[in-house]
Amino acid sequence: MVAVFIAYALRAERPLLDPRVFRVATVRAGTLGVGAAFLALFGLFVNAQYLQDVKGYSTLLTGFAIAPLAVGMGVMGACAPALTGGILAGLPATGAGLGSGLNSAARELGAALGVAVIGTVLNSHHALRSAADFTAGLAIGYRILAGILAAATIVVAATWRTPAPVALEKVSR
């Protein structure tokens with residue numbers, strides 16, 4: 001499906017998203033970084049279910065127990081401006097809407113994939129069968145999310161370039 005979209009977009013006179021914008025290193029790295037961060041973050045939201053269903057925590061106690069996730073969100077929040085700035089700086093001022101849209105789409109896609117990955121792993125480990133199965137599936141799912149985030153971080157760090165505005169016309173040709 002992605003290949004069909006790319007093939008169509010490359011031939012269209014005015015594509016919804018021209019895949020050639022990803023030739024710009026900071027656009028590519030920033031989009032990947034934002035998506036990976038949200039993938040890992042949203043995969044962690046299963047913690048509330050674990051704490052309530054497996055550990056027996058009340059709703060209030062669960063809220064206090066997951067409060068340290070705010071530290072991770074703060075770290076992500078510190079990286080987000082650089083990643084978003086890279087996306088926007090790699091495009092001309094006329095491409096600000098495109099950059100903003102890429103940033104938003106990367107967040108949404110990353111979040112959806114994070115939930116999908118952890119849900120798929122939990123399902124494959126029959127997590128609803130028992131607390132032990134849920135815990136085992138969660139441990140594997142978190143390792144997978146951490147691996148994806150680590151790999152994406154390495155790729156982003158290795159491909160990051162100092163943002164330099166590029167004329168959108170040059171990128172799309």
Side-chain angles (χ1 to χ4, degrees), residues 1-10 15-50 66-122 137-173:
M1 219 37 176
V2 173
V4 171
F5 175 79
I6 291 171
Y8 174 78
L10 289 173
L16 178 63
L17 171 64
D18 189 339
R20 291 174 281 234
V21 299
F22 294 106
R23 289 180 183 168
V24 180
T26 58
V27 173
R28 188 175 53 247
T31 304
L32 175 62
V34 168
F38 275 80
L39 178 137
L41 180 65
F42 273 73
L44 292 177
F45 284 127
V46 177
N47 265 348
Q49 183 180 357
Y50 168 76
I66 63 173
L69 285 175
V71 174
M73 288 182 204
V75 170
M76 188 181 80
C79 296
L83 295 170
T84 301
I87 294 170
L88 293 173
L91 299 170
T94 58
L98 172 63
S100 178
L102 280 174
N103 186 55
S104 295
R107 282 194 326 252
E108 295 298 327
L109 184 61
L113 289 175
V115 171
V117 166
I118 198 76
T120 300
V121 172
L122 288 171
L138 198 58
I140 291 169
Y142 283 167
R143 286 186 190 108
I144 291 169
L145 290 174
I148 293 169
L149 182 60
T153 300
I154 290 167
V155 170
V156 168
T159 61
W160 188 263
R161 306 277 187 272
T162 301
V166 176
L168 193 56
E169 294 76 30
K170 290 182 184 176
V171 172
S172 64
R173 294 190 196 267

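In what follows, residues are counted from 1 in the order of the sequence shown. Given the structure is predicted, the values throughout are model-derived calculations rather than measurements.
Residues satisfying the side-chain hydrogen bond (donor to acceptor under 3.5 Å, both in side chains) test with Tyr142, not counting sequence neighbours, are Asn47. In this view, Tyr8 satisfies the ring-ring contact (aromatic ring centres under 6.0 Å, His included) rule with no residue, not counting sequence neighbours. Taking the side-chain contact (heavy atoms from CB on, under 4.5 Å) definition, one finds that Ile6 meets it with Val2, Leu10, Pro19, sequence neighbours left out.
For the atom pair Glu108 CD and Phe42 CZ, the distance stands at 7.5 Å (nearest 0.5 Å). In this structure, CG on Leu113 lies 10.0 Å from OG1 on Thr120, to the nearest 0.5 angstrom. In this structure, the separation between CD1 on Ile66 and CG on Leu44 is 10.0 Å, given to the nearest 0.5 Å.
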Could you list the donor-acceptor pairs under 3.5 angstrom formed by side chains in residues 28-36, with sequence neighbours left out?
{"unit_1": "Arg28", "atom_1": "NH1", "unit_2": "Phe22", "atom_2": "O", "d": "2.5"}
{"unit_1": "Arg28", "atom_1": "NH1", "unit_2": "Arg23", "atom_2": "O", "d": "3.4"}
{"unit_1": "Thr31", "atom_1": "OG1", "unit_2": "Val27", "atom_2": "O", "d": "2.7"}

Result block: side-chain N/O donor-acceptor pairs under 3.5 angstrom for residues 146-154, not counting sequence neighbours:
{"unit_1": "Thr153", "atom_1": "OG1", "unit_2": "Leu149", "atom_2": "O", "d": "2.7"}

Please output the side-chain donor-acceptor pairs of residues 74-84 that fall under 3.5 Å, not counting sequence neighbours, one pair per line with the distance.
{"unit_1": "Thr84", "atom_1": "OG1", "unit_2": "Ala80", "atom_2": "O", "d": "3.1"}
{"unit_1": "Thr84", "atom_1": "OG1", "unit_2": "Asn103", "atom_2": "OD1", "d": "3.1"}

Inset, instruction - Apply side-chain contact (heavy atoms from CB on, under 4.5 Å) to Ile118 and Leu138, showing your working. - result: CA-CA 7 Å; Ile118 198 76; Leu138 198 58; 4.2 Å; yes

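Two residues are said to be in side-chain contact when any heavy atoms from C-beta on lie closer than 4.5 Å; Ile87 and Val24 fail this criterion. Two residues are said to be in side-chain contact when any heavy atoms from C-beta on lie closer than 4.5 Å; Leu102 and Leu17 meet this criterion.
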